[in-house]
Amino acid sequence: MSMATLNILLPTPSTNSHYFNANYSQSSHNVYFNTNNNSNNNTKLHSLPCSHSLPLLSSLFVQTKSNPSHKFSHMPTHVSKSEALSAGTGCSWMQNNSMLQSGEGCPDLKQGLVCSAIPTERAKVSSVQDLFEFISSGPLIDKMGFSKEKIGDSIDKWIAYNSYLCRLFQLNELYLTIPQKVRFFHYYIPVFLWCEDQISQHVSKFKDGEDIPPLVIGFSAPQGCGKTTLAFALDYLFRVTGRKSATISIDDFYLTAEGQAKLREANRGNALLEFRGNAGSHDLQLSVETLTAISKLTKEGTKMKLPRYDKSAYNGRGDRADPSTWPEIEGPLTVVLYEGWMLGFKPLPVEVVKAVDPQLETVNKNLEAYFDAWDKFIKAWIVIKIKDPSCVYEWRLQAEIAMREAGNPGMSDEEVKDFVSRYLPAYHAYLPTLYSEGPNGSDPEHTLIIEIDDGRNPI
């Protein structure tokens, strides 16, 4: 049996070159991966059908010339380093990547360009079969109805999406740590594929020629659990695969500084309404106007600006950002990622909330108006479930410590404790119902509940 061997040199500082050998059998249409340093030794070869294996080569060796006919070839070559890295601030999975350098010796990285660092040791490349088994072992696979056959048929997409995420977060895909592989293959990519399926179902409800409003996917998740980073990654994957998307947060709808002052004055003595955060501190009319306008971005050339909030204004009390700084989006939009810590919370009987904290009675009354302002616009939901709200404090503390160590302004430990304490009563009151019944007005067929551990990974 004749075998054609493709030898790909991995640059190393040593004069002894190492090779990754991919042996392609034309008769069996399988690719066998030999990852032994000595190509003369007999090693166990792993195989998968050729159609599943060949994409690995272009994915693993990202500096090779891209195929312009490949459907993913329009991958952007520029990304903001600060934006990508800040999205993972305080996240342990972003750390300890042996190939993620500070930029020394790599001027493109200093300029904010995507660049793959030169390996300083031989890459530990897994076979496609190993990758297939790793993906199949993910905790979300059964929940999402992904069969092994379905994963095998789409393995090239999984590899491509992983490559995109590595570029986004400026990680070298040859040297991903286990936490990084878990984050991408067990979390971000499965959720992205679920969102893709929700979009397909949404589009199928409309007839040919009809205007199709963007699907609004709500992300209800506690602070610090990684929802903003998840939305950031999903938005990027949508864009590089040719879909127009937008991201908004409930934070964008906070009252102006003047409105916050009026709320505080009207609720003297209520610590839950002294600062922004709880129900009552949002401009619901702005929410309705914005979400209504977004739903009309169905044609080329339609544009609008998304409101943004400046949390640093007035010594941290915050204020709505100047409209001249609001980002502009253009239709036709396919999907809108809408995230917030209290999305989908349902008002509860007064005696229930008063048993948690008497100050919640006013917040609970305010919450009655939120379904029409927020939740009714959301047609698919992702709920990130936590075991204990107390982990919110630990996550927030980790983020603030990381910010301080990076030389950026950050809250002290006491300030973090005070900040989180204003949210904990709502978590204790509303999360049990959110987890048992789903978000307000949600459809179980279009709701994904993901339980995460203390490391922010699905379990």
Side-chain angles (χ1 to χ4, degrees), residues 76 78-80 82-89 91 161 164-165 167-169 183 187-189 191-196 198-199 202 213-254 282-283 286-298 302-311 318 320-321 323 325-344 373-375 377-384 399 439 446 448 450 456:
H78 295 71
V79 68
S80 165
S82 61
E83 185 179 29
L85 297 184
S86 65
T89 299
C91 297
Y161 297 154
Y164 296 159
L165 291 172
R167 298 188 190 191
L168 173 63
F169 292 104
R183 185 56 56 101
Y187 195 3
Y188 290 177
I189 297 175
V191 171
F192 175 70
L193 293 172
W194 183 86
C195 291
E196 286 273 89
Q198 293 297 309
I199 291 172
H202 173 70
L215 173 67
V216 180
I217 302 177
F219 293 76
S220 183
Q223 297 144 314
C225 74
K227 64 181 178 300
T228 302
T229 308
L230 172 61
F232 177 75
L234 295 177
D235 178 61
Y236 187 72
L237 288 176
F238 281 124
R239 288 188 287 117
V240 299
T241 53
R243 296 186 185 275
K244 285 189 177 181
S245 61
T247 59
I248 53 175
S249 166
I250 64 173
D251 295 356
D252 298 325
F253 301 128
Y254 279 134
H282 302 89
D283 187 335
L286 177 63
S287 305
V288 172
E289 292 172 357
T290 301
L291 293 168
T292 300
I294 285 176
S295 68
K296 297 178 180 178
L297 292 180
T298 60
T302 53
K303 300 179 181 180
M304 68 170 290
K305 285 192 171 187
L306 293 178
R308 290 293 186 256
Y309 195 82
D310 181 3
K311 295 181 180 179
R320 189 166 300 152
T325 67
W326 295 1
E328 185 177 75
I329 57 174
E330 182 176 349
L333 280 186
T334 301
V335 60
V336 177
L337 308 177
Y338 186 18
E339 54 100 351
W341 73 276
M342 55 170 283
L343 275 180
W374 289 359
D375 302 334
F377 292 92
I378 299 172
K379 304 305 178 185
W381 287 88
I382 294 175
V383 177
I384 300 179
H446 302 286
L448 176 65
I450 304 171
R456 305 178 182 88

Please tell me if the side chains of [X] and [Y] come closer than 4.5 Å, counting only heavy atoms from C-beta onward.
X	Y	answer
Ile189	Leu165	yes
Trp341	Ser220	no
Lys303	Ile329	no
Arg308	Pro327	yes
Ile382	Val191	yes
His446	His202	no
Leu343	Ile250	yes
Arg320	Asp310	no

Between atom [atom1] of [X] and atom [atom2] of [Y], what is the distance when rounded to the nearest 0.5 Å?
X	Y	atom1	atom2	value
Ile217	Ser245	CD1	OG	10.0 Å
Lys296	Thr302	NZ	OG1	11.5 Å
Leu448	Phe219	CG	CZ	9.5 Å
Met304	Thr292	CE	OG1	9.5 Å
Leu168	Tyr236	CG	OH	5.5 Å
Leu297	Lys244	CG	NZ	9.5 Å

Looking only at non-hydrogen atoms, find the nearest pair between [X] and [Y] and report the distance.
X	Y	value
Trp326	Ala321	NE1-O, 3.0 Å
Ile378	Gly218	CG2-N, 3.3 Å
Ser295	Pro214	O-CD, 3.9 Å
Pro332	Thr298	CB-O, 3.3 Å
Arg456	Gly224	NE-O, 2.7 Å
Tyr188	Ala233	CD1-CB, 3.8 Å

| request: For Trp374 and Val216, run side-chain contact (heavy atoms from CB on, under 4.5 Å): C-alpha distance rounded to whole Å, both residues' side-chain angles, the deciding distance at 0.1 Å, then the answer. | output: CA-CA 11 Å; Trp374 289 359; Val216 180; over 6 Å; no
| task | Assess whether ring pair (Phe, Tyr, Trp, His ring centres under 6.0 Å) is satisfied between Tyr338 and Phe377, documenting all intermediate values. | result | CA-CA 10 Å; Tyr338 186 18; Phe377 292 92; 8.7 Å; no
| Going by atom types alone, do Thr228 and Glu339 pair a side-chain donor with an acceptor below 3.5 Å? | yes
| query | Have Asp235 and Thr247 got a donor and an acceptor in their side chains that come within less than 3.5 Å? | reply | no
| query | Taking it one step at a time, do Phe232 and Phe169 satisfy side-chain contact (heavy atoms from CB on, under 4.5 Å)? | reply | CA-CA 10 Å; Phe232 177 75; Phe169 292 104; 4.2 Å; yes
| message | Could you walk me through whether Phe192 and Thr241 satisfy the side-chain contact (heavy atoms from CB on, under 4.5 Å) test, starting with their C-alpha distance in whole Å, then the side-chain angles of each, then the deciding distance to 0.1 Å, before giving a yes or no? | response | CA-CA 11 Å; Phe192 175 70; Thr241 53; 3.9 Å; yes
| task | Please lay out, stage by stage, how Leu234 and Val335 fare under the test side-chain contact (heavy atoms from CB on, under 4.5 Å). | result | CA-CA 10 Å; Leu234 295 177; Val335 60; over 6 Å; no
| task | Evaluate the criterion ring pair (Phe, Tyr, Trp, His ring centres under 6.0 Å) for residue pair His282 and Tyr254; output intermediate values, then yes/no. | result | CA-CA 4 Å; His282 302 89; Tyr254 279 134; 4.9 Å; yes
